[in-house]
Amino acid sequence: MTNTEELITRRTNAVAQGVGTRGIYAARAQNAELWDVDGKRFIDFAAGIAVNNTGHRHPKLMAAVAQQSEQFTHTCFHVAPYEGYLKLAERLNASTPGSFDKKTMLVTTGAEAVENAVKMARAYTGRSGVIGFSGAFHGRTLLGMALCGKVNPYKKAFGAMPPEVMHAPFPNAMHGVTVEQSIAVLENMLRSSIDPERVAAIIIEPVQGEGGFNIAPPEFLKKLREICDTHGIMLIADEVQAGMARTGKLFAFEHSGVVPDLMVMAKGLAGGFPLSAVTGRAEVVDAAPVGGIGGTYAGNPLSVASANAVFEVIEEEALCERATQIGDMIQSRLKALAERQGMEPVGDVRGLGAMVAFELVTDRESNGPDAPLTGRVIAEAEERGLIILPCGTFGNVVRLLPPLTTPIEQVNEALDILEASIEAAISAG
Ligand code: PMP
């Protein structure tokens with residue numbers, strides 16, 4: 001029995017099955033490489049789901065955390081605040097889009113940040129409705145799951161959803177939903193289902209993560225901004241997966257020039273330590289009453305130290321430029337592969353910066369989803385030493401989330417593995 005097999009048995013017996021897991025049990029990781037408990041090496045193109053944008057254990061992050069741990073690891077910000085939190089808030093206020101006065105709160109997970117952004121929007125507007133989009137992912141808490149635009153598995157077994165949470169279709173040209181259609185449905189919703197004056201917020205991912213790396217067209221975000229302005233609705237950008245240099249800009253919303261009222265960040269923010277943030281218009285953030293937001297662990301000092309170092313690394317190592325460079329390499333390689341004879345199942349190849357995905361389809365006419373083939377590609381890649389993840393409403397999208405610090409030769413190595421895996425998976429089908 002391998003170490004992995006033994007751990008899988010123990011996991012099956014001891015851990016909730018609802019917590020989905022893959023079969024790679026980590027022993028150690030450094031930058032873009034990860035070794036499992038049997039000593040097998042992988043290139044990690046999952047990056048802990050877009051968390052390790054600065055790679056595993058970046059020396060600068062490790063030093064910042066080590067130094068902080070010499071001082072204190074937890075005081076609770078509500079009890080004894082600390083400067084690192086203030087510094088990070090100042091950084092986020094200065095670096096998020098919008099030239100107005102901003103404020104920030106820190107929490108721990110993406111879902112928690114989403115919840116707090118909605119609470120702020122509700123407090124500011126005095127309204128309760130929230131509109132999200134089909135295919136969206138915003139977390140697994142009660143409101144987060146309600147906002148998810150996918151029933152199975154996120155809402156499947158969990159009872160009634162909170163009221164006044166609705167979904168408009170996310171535009172998706174490849175699958176026949178135009179920007180105009182999506183806006184028409186949203187406007188119809190505001191005529192027939194909910195009074196716009198009851199809507200506190202519209203929340204959108206600039207690039208849907210779990211939903212399949214669907215990029216929100218800039219004209220769509222502009223139209224949402226107009227609708228929000230017309231009705232006094234808060235526009236919330238969920239940058240949890242797309243933010244922190246991943247798409248070639250610090251925040252993906254910047255590609256559109258549209259400025260949200262509130263922005264939600266997590267994942268890459270602290271480069272491997274649990275931390276999330278809500279940054280936005282000062283008056284909206286401050287609408288929440290004193291004591292109404294926060295939490296015991298919110299803005300953990302070690303995570304905050306790491307996040308402050310992440311900002312320095314992004315700048316020093318030009319990680320936005322790096323994201324564009326790596327993303328271009330991946331896209332051009334995949335597009336060339338998709339052109340080859342026999343590679344018809346490789347459908348749409350898309351991405352923004354180093355947030356790249358491709359669909360696996362039954363045929364190019366219908367673009368029907370091929371989830372089994374997607375599973376085979378991922379398994380073949382794992383076998384050959386590359387960690388990649390599925391996504392998409394129909395489970396037929398492979399997403400690539402390399403650390404932005406991945407050495408170029410490892411990007412090429414990963415792409416060689418990926419190409420061989422796709423070929424093997426297709427010919428086994
Ligand atoms: N929003 C988006 C866009 C996400 O991708 C995720 C996590 N995949 C979340 C929110 C929830 O984050 P967390 O898992 O940290 O609660």
Side-chain angles (χ1 to χ4, degrees), residues 16 18-22 45-53 96 105-119 121 130-150 153-155 158 165 167 170 201-216 221 235-247 251-253 260 262-280 295 297-300 303 306-307 310 351-357 388-393 395 397 399-401:
V19 183
T21 44
R22 293 160 50 95
F45 269 24
I49 319 189
V51 168
N52 306 107
N53 291 0
T96 46
M105 86 168 299
L106 301 179
V107 265
T108 309
T109 65
E112 210 186 346
V114 166
E115 297 266 346
N116 278 283
V118 173
K119 280 170 73 173
V130 196
I131 297 176
F133 292 90
S134 55
F137 188 86
H138 296 293
R140 291 182 174 86
T141 51
L142 269 170
L143 185 72
M145 100 174 142
L147 281 169
C148 288
K150 186 178 176 192
Y154 307 127
K155 317 188 200 194
F158 303 119
V165 174
H167 296 86
F170 193 92
I202 293 179
I203 182 165
I204 186 159
E205 295 159 86
V207 183
Q208 286 192 328
E210 307 305 311
F213 283 23
N214 307 307
I215 302 165
L221 296 179
L235 182 61
I236 303 176
D238 183 339
E239 293 261 357
V240 167
Q241 192 156 159
M244 302 311 293
R246 170 58 54 190
T247 67
F251 300 108
F253 246 73
L262 295 167
M263 190 174 268
V264 176
M265 292 139 290
K267 292 192 188 276
L269 177 62
F273 294 86
L275 189 71
S276 60
V278 185
T279 299
Y297 296 111
N300 171 266
S303 301
S306 183
V310 163
L352 202 55
M355 194 168 180
V356 181
I388 50 177
L389 295 173
C391 62
T393 304
V397 183
R399 59 177 147 171
L400 306 172
L401 289 164

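Remember, it's 1-based here, ligands and their atoms both numbered in the order they're listed.
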Under a 3.5 Å threshold, I'd like every N/O contact between ligand 1 and protein atoms, with atom names and distance.
| residue | atom | partner | partner atom | Å |
| --- | --- | --- | --- | --- |
| ligand 1 | 1 (N) | Phe137 | O | 3.3 |
| ligand 1 | 1 (N) | Asp238 | OD1 | 3.3 |
| ligand 1 | 1 (N) | Asp238 | OD2 | 2.7 |
| ligand 1 | 5 (O) | Gln241 | NE2 | 2.9 |
| ligand 1 | 8 (N) | Glu210 | OE2 | 3.2 |
| ligand 1 | 8 (N) | Lys267 | NZ | 3.1 |
| ligand 1 | 15 (O) | Gly110 | N | 2.8 |
| ligand 1 | 16 (O) | Gly110 | N | 3.4 |
| ligand 1 | 16 (O) | Ala111 | N | 2.8 |

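Applying the side chain to side chain contact (heavy atoms under 4.5 Å, CB included) test between Leu262 and each of Val118, Asn116, Ile236 identifies Ile236 as the sole match.
Between the CG atom of Leu269 and the CG atom of Leu106 there is a distance of 7.5 Å, given to the nearest 0.5 Å. Taking OG1 of Thr96 as the start and CZ of Phe253 as the end, the distance is 12.0 Å to the nearest 0.5 Å. Interatomic distance, NE2 of His167 versus OG of Ser134, reported as 8.5 Å (0.5 Å rounding). Taking CD of Glu205 as the reference point, atom CD1 of Ile215 lies at 12.5 Å (rounded to 0.5 Å).
A side-chain donor-acceptor contact under 3.5 Å links Lys155 to the backbone of Cys148.
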